[in-house]
Every structure is written in C-alpha cells, then in structure tokens.
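So you know, we letter chains A, B, ... as the sequences are listed, proteins then strands, and number each from 1. FYI, side chains are in, hydrogens and waters are out, and symmetry mates aren't considered; it's all heavy atoms of this structure.
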Amino acid sequence: MFGLLKSHYCGELRAEHVGQRVAMAGWVHRRRDHGGLIFIDLRDREGMVQVAFDPKASPQGHAVAEEMRSEYVVRVEGQVRRRPPGTENPKLATGDVEVVAEAAEILNPSQPPPFYIYEDGEVEESLRFKYRYLDLRRARMRDNILLRHRVVKFIRDFLDARGFVEIETPVLIKSTPEGARDYLVPSRVYPGKFYALPQSPQQLKQLLMVAGFERYFQIARCFRDEDLRADRQPEHTQLDLEMSFVEEKDILDLMEELITALMAEVKPSSRMLKPFPRLPYKEAMACYGSDKPDLRFGMEINDLSDLVADSEFTVFRAALGEGGRVKGFCAPGCAGYSRHQLEELTGLARSAGASGLVTMALVGEGSSPWSTVRSAAAKFLTQDQMAGITQRLEAGTGDLILLVAGQSPTVEKVLGHLRLEMGHRLGLADPDLFAFAFITEFPLLEWNSDGERWEPSHHPFTAPYEKDLALLDTDPGRVRAKCYDLVCNGLELASGSIRIHKRPLQERIFRLLGYREEDIQERFGHLLEAFEYGAPPHGGIAPGIDRLVMLLAGEDTIREVMAFPKTQSAQDLLMGAPSSVTEEQLRELHLAIRPERRQR
RNA sequence: GGACCCGUGGUGUAGCGGCCUAACAUGCGGCCCUGUCAAGGCCGAGAUCGCCGGUUCGAAUCCGGUCGGGUCCGCCA
C-alpha cells in the first residue's frame with residue numbers, strides 16, 4: 001500500500017503488528033530525551049506511535065534522534081514490540097506497542113513552528129491563515145477535513161446507489177444580475193465582455209433535466225461576491241441535486257433518508273427527531289419566530305392577543321388597536337431573574353426591533369401560579385386574564401413570562417431572538433440532538449419596499465402551488481411556493497423547490513417580477529426555449545456542504561471545515577489574493593483600472 | 001456602508017496612569033539524565049506592549065486616527 005519509504009501509518013500499529021519489521025515516516029510530534037534513551041512520538045495523518053531510540057539497539061539511530069526536533073520529517077526502520085509491562089499508554093491508540101529504532105534518517109528538518117501543532121489551544125486566526133498548511137496539521141483541522149471527506153464520499157455513494165449521475169457544469173458562465181453580486185471574469189477574446197462564476201448551477205441543472213438525465217447531482221462550487229459571515233465565504237460547496245418526475249415529498253423523503261444514513265455513518269452517537277418535522281413556514285414563524293427554528297428545545301411562542309384584548313394596559317391596547325399582536329413564551333425557572341438580567345433581556349428585545357419587553361415573574365407562594373406576579377403589567381390585568389396567560393403558556397410557579405406587543409412579523413422575530421437567548425442561557429439544547437426539520441410552503445414572493453416591487457423569496461424558477469395560482473393576479477403575497485428548506489439546530493442547511501417547467505407560467509412569473517420583455521429574452525430566452533422541447537416536471541435541493549460539515553464537526557464557523565478559507569475581508573492571507581496583475585495582463589483583457597477617489 | 005470585540009517575547013495569557021528595568025506558562029538554546037509519554041532538573045536568550053499622533057511631569061495603561069483579525073446589522077434570488 002505504501003512505497004519504499006513507508007510500510008505503515010503511525011496511527012495504525014497495534015499489538016497484532018508485534019514482531020514485524022516496519023518502515024515508518026512522518027513528523028516529530030514530541031521528543032523526550034533521557035540522555036541515554038530517546039523517545040519520539042512520530043505523527044502522520046492517521047495518528048501517532050512512540051519510537052524508542054536505544055543506543056545499544058542502534059547507535060546510528062540514537063545519534064540521529066539527538067538531532068531531531070519538533071516537526072522534522074523523519075524516517076525510521078525498526079521492529080514493533082510490545083511495550084514493557086507498566087509502560088503502556090492508554091491515552092494513545094497505539095499505546096500498547098512501540099517501534100524500536102534500528103536505523104533512522106532525517107528527511108527534512110523544520111524551523112520551530114510559529115504555533116503549537118500538538119495542542120488545540122486558541123491561536124490568532126490571522127496567524128493560522130498565514131500558516132494554514134501548519135494549522136491543517138493540528139488534530140482539530142485534520143479531523144474536520146477528514147470528516148468532510150467522509151461526508152462527501154458517503155453522499156456520492158448514496159446517490160450513485162440510487163441512480164443519480166454526477167455531471168460537471170461549467171464554472172465560466174453568464175452573468176445574471178439579479179440575486180447576489182457575481183464574480184466576473186473578463187474575456188480576452190471578446191473585448192468588454194465577461195464571464196461570471198456561478199452562484200449555483202441552477203439553470204444548468206434544469207437544462208440537464210430537459211436533456212433527460214432524470215437524476216443529477218454535483219458537488220458544486222458556488223461563488224457570491226457579498227460580505228462574509230461566520231457561515232458565508234466567497235466560495236462555498238453545495239451538494240447540487242435535481243430530479244425529474246417528482247413532487248416535493250419525493251425530494252424531502254430522499255433528503256431525510258440521506259441525512260439519516262449519513263448521521264448513522266459519521267455520528268452514530270447522535271439522536272434526531274424522527275421523522276423529521278415538516279413545518280409550514282407560517283407555523284415556524286408563529287411558534288419560533290424564525291424560518292430556521294432551533295427545535296432542540298420547546299418554549300414555543302403563543303398568541304395572547306385574544307386574552308388581553310380587554311385589558312387596561314396601554315402597551316397592549318395600543319398594539320392591538322393598531323392591528324398588532326401580543327405574543328409571548330415562558331422561560332422555565334427564571335422568576336428569580338434580577339432587575340439587571342431583566343434589563344438585559346429588554347435591551348436585547350429593543351435591539352431586535354421591539355419597543356419594549358413585558359416580563360411577568362411568577363414568584364408567588366399563593367394558591368395558584370398567578371396569585372403573586374412581579375410585573376409592571378400585573379395591576380392592569382385581572383386574575384382571569386393572568387390565569388389565561390399562564391395556562392396558555394403552560395407556565396407555573398418559578399417561571400418567567402416574556403411578552404412582546406407590536407406588529408407582525410417584528411413581534412415574532414423579537415420573541416424568536418429571545419427564545420434562542422433563553423435556550424442558550426438555560427442550556428436547554430441537548431448536545432447529542434441534531435434536530436433536523438423541513439420548513440415548507442414558503443411564500444413565492446416578497447415585497448421589496450425599497451424597489452417597490454415583488455421579489456422571489458427563493459428564486460424565479462420556483463413553482464407555485466396550483467391551488468394558489470388564482471392569487472397571482474389578486475394577492476401575490478399570499479401565493480405559496482413548492483419551496484422547502486432543510487434546517488437543523490437553528491441553521492439553514494439546504495434550500496430547494498419544485499421548478500416551473502412550462503413556458504407560459506415561467507413568463508408570467510418573470511412579468512410579475514417586473515422584468516422587461518427584452519430582458520427576459522436576453523437573460524432567460526434559452527431556458528424558456530428549452531421548456532418548449534419536452535421539459536419534464538422536475539425539482540431539487542442544494543444542501544451546503546460547508547454548513548453541514550460544520551454542524552457535524554461541532555464548529556461555529558465554516559472556516560474550520562475549509563482547507564483554505566478567506567478572511568472576513570475576503571483575502572487569502574496564505575497566497576496573498578487578491579493581488580495586482582501586470583499592465584500586460586490588463587492590456588490583453590482590454591481593461592484599465594479606474595483610479596479610486598480617495599476620501600478626505 | 002454601519003455597530004461592537006480583540007491586538008503585550010515564537011505561542012497563549014496577566015498587567016489597564018508612577019511600584020514595569022513588563023509578569024506567568026509554554027516554546028527555543030545549552031548542560032545533566034536509560035522507560036518517558038504535557039518526561040524531569042539546572043542555566044540562558046528572547047518584547048521599544050500592532051502602527052501614527054495627542055493628553056500628561058510621567059502612557060502597555062487615557063484620547064483620536066490608522067492597519068490587521070473576528071462577531072453582528074445592511075447585503076446574501
């Protein structure tokens with residue numbers, strides 16, 4: 001399995017190898033020099049094994065070991081033996097054995113690394129970026145990258161077994177101005193013209209359905225020139241997937257099967273909600289204040305408007321009078337929150353867009369949970385109203401009720417924020433639970449108040465529900481789409497939809513979006529024409545590989561699961577990209593750099 | 001475009017107006033040491049506290065700016 005330099009991985013040696021002559025090669029992880037005897041922990045990507053250099057067994061090997069330092073690349077020949085009784089190391093997978101060196105050579109020395117390879121302690125991220133090749137040697141990154149490989153490999157095998165065909169689509173394609181900002185590539189051959197890097201292979205995979213491949217997938221790189229976040233990089237990887245002759249349920253079932261099998265393979269100790277909950281968008285917003293709810297804990301939001309409609313409390317009256325709602329949820333065991341803690345929560349509610357927060361601490365010792373309530377609103381509410389609120393929120397003595405009054409969807413959004421905060425503070429999320437769920441029935445369109453026009457909430461190729469088609473002309477905002485997200489633990493992992501596959505409906509949607517006829521022809525003419533040559537009904541979904549692996553690795557940013565990520569300012573600190581190019585390169589591309597007007 | 005956090009020997013931290021001639025751990029170099037595995041013991045080198053300017057008798061410490069990294073809002077069909 002190896003070449004001439006190496007017979008085994010370091011991490012692979014076990015008691016069964018005792019007695020074998022082996023050739024080992026790797027990096028010096030640690031060196032322990034006892035003057036006479038020297039121990040080396042020799043590391044490679046599969047793990048570590050101890051090498052013992054005894055001057056009596058090999059004076060040459062021992063002499064070389066004296067020169068060895070951290071991260072030297074070395075090669076050792078010797079015999080595997082069981083460690084002397086009492087010196088086994090149970091912390092090491094290879095801890096029952098060691099290699100007794102009979103010969104050794106230094107293949108390449110190393111400078112002392114700028115940070116520890118053998119510890120997973122925090123190192124400033126800019127330094128990790130600059131020396132990414134060293135960072136990737138550390139156990140945390142190595143494990144993440146190896147996990148990523150296993151995830152992608154599993155997906156490929158899973159889909160192959162189900163008749164999916166992996167097809168590559170071009171990276172140099174045509175710019176589509178709507179959506180995210182494109183990365184552009186200037187054309188040398190056509191002055192003034194540009195290719196764009198794909199934001200996703202959306203149209204191409206639909207054309208593959210028209211071509212009749214029926215089941216396509218690709219591990220596809222996608223590019224977006226937008227500002228970065230912990231879960232957003234200029235380029236990311238999607239499992240792009242499309243199927244013909246399917247309805248929404250087929251795709252969700254396939255995804256559920258894929259994720260379930262994947263979890264069993266790479267996270268066998270984890271638990272899931274089975275079957276995956278399928279929540280309509282409306283319900284997710286109403287109960288969790290989010291279209292990517294964290295279902296690891298409850299604390300659902302409830303509408304209390306009807307219960308407090310007659311109250312004298314001006315905060316509630318004003319909100320309800322303006323067509324708003326009063327909603328809230330119960331934070332168990334938080335009645336003892338201090339004034340300071342409550343003010344923190346109020347600040348959070350304000351920064352999320354609420355005008356305030358009403359808290360009700362059920363501190364009472366009385367006959368019912370609501371008999372002693374600490375709240376600014378208490379004196380305006382009758383015992384009946386308090387009873388109704390506590391019952392609907394399933395609140396009891398010792399609990400804290402959080403209420404927000406105002407307009408939808410701000411009320412829900414604010415409570416959604418607070419719910420996540422309380423879930424975090426109370427440690428309600430089971431660390432072994434991966435609460436996958438599908439969010440369905442997204443609205444087809446969203447009103448853009450800046451541009452005074454309708455925008456697709458997913459993309460313009462998404463099919464509306466047939467039963468909502470009549471609303472397209474009368475009340476477009478209420479049209480639901482055959483569009484779905486896969487979410488997990490508050491993270492959006494995938495988006496997909498059933499696509500439009502007939503020209504008239506696709507044209508109708510484009511017009512509703514306010515595209516001009518000539519733009520439709522210029523940008524989408526090829527797709528519309530394709531729909532006239534026997535386009536099958538089709539749909540798909542595209543999980544983000546980076547986010548999925550991040551979730552499985554327990555990391556907080558996708559940078560930790562990408563080999564060579566960029567900084568938040570979109571730079572590659574290792575290679576130094578982006579960089580200037582020569583005047584000659586610019587001339588070939590017919591480009592001139594426009595001088596930036598400097599501020600001040 | 002905006003808000004906030006961080007920047008002190010190689011690394012990670014402490015110090016937050018004078019006691020700093022900057023502390024601790026680890027790493028690095030030397031010497032000793034034959035069963036360690038975060039090896040141990042002794043000795044040593046290593047920092048003008050990101051950069052520029054200001055306040056002050058005095059600045060790592062306070063203020064302003066700037067650069068770099070990060071988190072979030074906007075943005076991300």
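A/T567 comes within 4.0 angstrom of the backbone, heavy atoms only, and of no base. Residue contacts shown for A/F129 are limited to sugar-phosphate atoms, with no base heavy atom under 4.0 Å away. Using a 4.0 Å heavy-atom criterion, one finds that A/P460 contacts the bases of the nucleic acid, with or without backbone contacts as well. Among the protein residues, A/R81 comes within range of the nucleic acid bases, having at least one heavy atom under 4.0 Å from a base atom. Here A/T462 lies out of heavy-atom contact (under 4.0 Å) with every strand. Residue-level contact check: A/R128 touches neither bases nor backbone, having no heavy atom under 4.0 Å from any strand. When heavy atoms are screened at a 4.0 angstrom cut-off, A/R30 is found touching the sugar-phosphate backbone but no base atom. Backbone-only engagement by A/E125 is indicated by non-hydrogen atom pairs under 4.0 Å involving sugar-phosphate atoms exclusively. At a threshold of 4.0 angstrom between heavy atoms, the contacts of A/R229 include nucleobase atoms, whether or not backbone atoms are also involved. Looking at heavy-atom distances under 4.0 Å, A/E455 makes no contact with the nucleic acid at all. Across all strands shown, A/E88 has heavy atoms under 4.0 Å from base atoms, whether or not it also approaches the sugar-phosphate. Within the nucleic acid shown, A/D54 comes within 4.0 Å of at least one base atom, counting heavy atoms only. Contacts of A/Q111 with the nucleic acid, taken as non-hydrogen atoms under 4.0 Å apart, are absent. Among the heavy atoms of the strands lying under 4.0 Å from A/L127 are primed sugar atoms or P, OP1, OP2 only; no base atom is included.
Of all nucleotides listed (B/U11, B/C37, B/G70), B/G70 comes nearest to the side chain of A/Q568.
When the C1' atom is used for both B/C5 and B/G9, the distance is 24 Å, rounded to whole Å. For the P atoms, the distance linking B/A60 with B/C19 amounts to 10 Å, nearest Å. Using P as the reference atom, B/C20 and B/C57 are 23 Å apart when rounded to the nearest Å. Between the P atoms of B/C49 and B/C62, the separation comes to 15 Å (whole Å). Between the P atoms of B/C52 and B/U61, the separation comes to 12 Å (whole Å). Rounded to whole Å, the separation between the P atoms of B/U11 and B/G17 comes to 26 Å. Between B/A45 and B/C63, the two C1' atoms lie 37 Å apart (nearest whole Å).
Contact of the A/M68 side chain with the A/I40 side chain is registered, since non-hydrogen atoms from C-beta on lie closer than 4.5 Å.
Taking a pair to require two hydrogen-bonding distances under 3.5 Å in either a Watson-Crick or a G-U wobble arrangement, B/G29 pairs with B/C43. Taking a pair to require two hydrogen-bonding distances under 3.5 Å in either a Watson-Crick or a G-U wobble arrangement, B/A3 pairs with B/U71. Pairing partner, B/C24: B/G12, with both Watson-Crick or wobble hydrogen-bond distances short of 3.5 Å. With a cut-off of 3.5 Å on both Watson-Crick or G-U wobble distances, the partner of B/U61 is given as none.
Listed pair A/K130 / B/G68 fails the phosphate criterion, with no side-chain N or O lying under 4.0 Å from OP1 or OP2. Regarding contacts with the backbone of B/U71, a side-chain N or O of A/R559 is found under 4.0 angstrom from either OP1 or OP2. Between A/R69 and B/G29 there is a side-chain polar atom (N or O) within less than 4.0 angstrom of OP1 or OP2. Residue A/R32 places none of its side-chain N or O atoms closer than 4.0 Å to OP1 or OP2 of B/U36.
Centre separation under 5.5 Å together with a plane angle under 30° does not hold for the ring of A/F115 and the six-membered base ring of B/U11, so they are not marked as stacked. A stacking contact between A/H34 and B/G35 is absent: the pair does not combine a ring-centre distance of less than 5.5 Å to the base's six-membered ring with planes differing by less than 30°.
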Would A/D182 and A/D225 count as a side chain to side chain contact (heavy atoms under 4.5 Å, CB included) if you check the C-alpha gap in whole Å, the side-chain angles of each, and the deciding distance to 0.1 Å?
CA-CA 6 Å; A/D182 282 324; A/D225 188 3; over 6 Å; no
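Note: A/F524 and A/F510 have parallel aromatic rings, judged against thresholds of 30 and 60 degrees for the angle between ring planes. Aromatic ring pairs are classed by plane angle as parallel below 30°, tilted from 30° to 60° and perpendicular above 60°; the pair A/F461 and A/H459 is tilted.
Nearest-nucleotide mapping onto RNA chain B: of A/D227 and A/S569, the residue sitting toward the 5' end is A/S569. Between A/E124 and A/S70, the residue anchored nearer the 5' end of RNA chain B, judged by the nucleotide with its closest heavy atom, is A/E124.
Exactly one of A/L107, A/L42, A/V64, A/N108 qualifies for a side chain to side chain contact (heavy atoms under 4.5 Å, CB included) with A/V74. That residue is A/L42.
If you take CD of A/E421 and P of B/C72, they are 14 Å apart, rounded to a whole angstrom. Straight-line distance from the CG atom of A/L348 to the C1' atom of B/C73: 14 Å, rounded to whole Å.
Below the 3.5 angstrom threshold, one finds no donor paired with an acceptor across the side chain of A/Y118 and the base of B/G27.
A cation-pi arrangement, defined by a distance under 6.0 Å to the six-membered ring centre and an angle within 45 degrees of its axis, is absent between A/R132 and A/F564.
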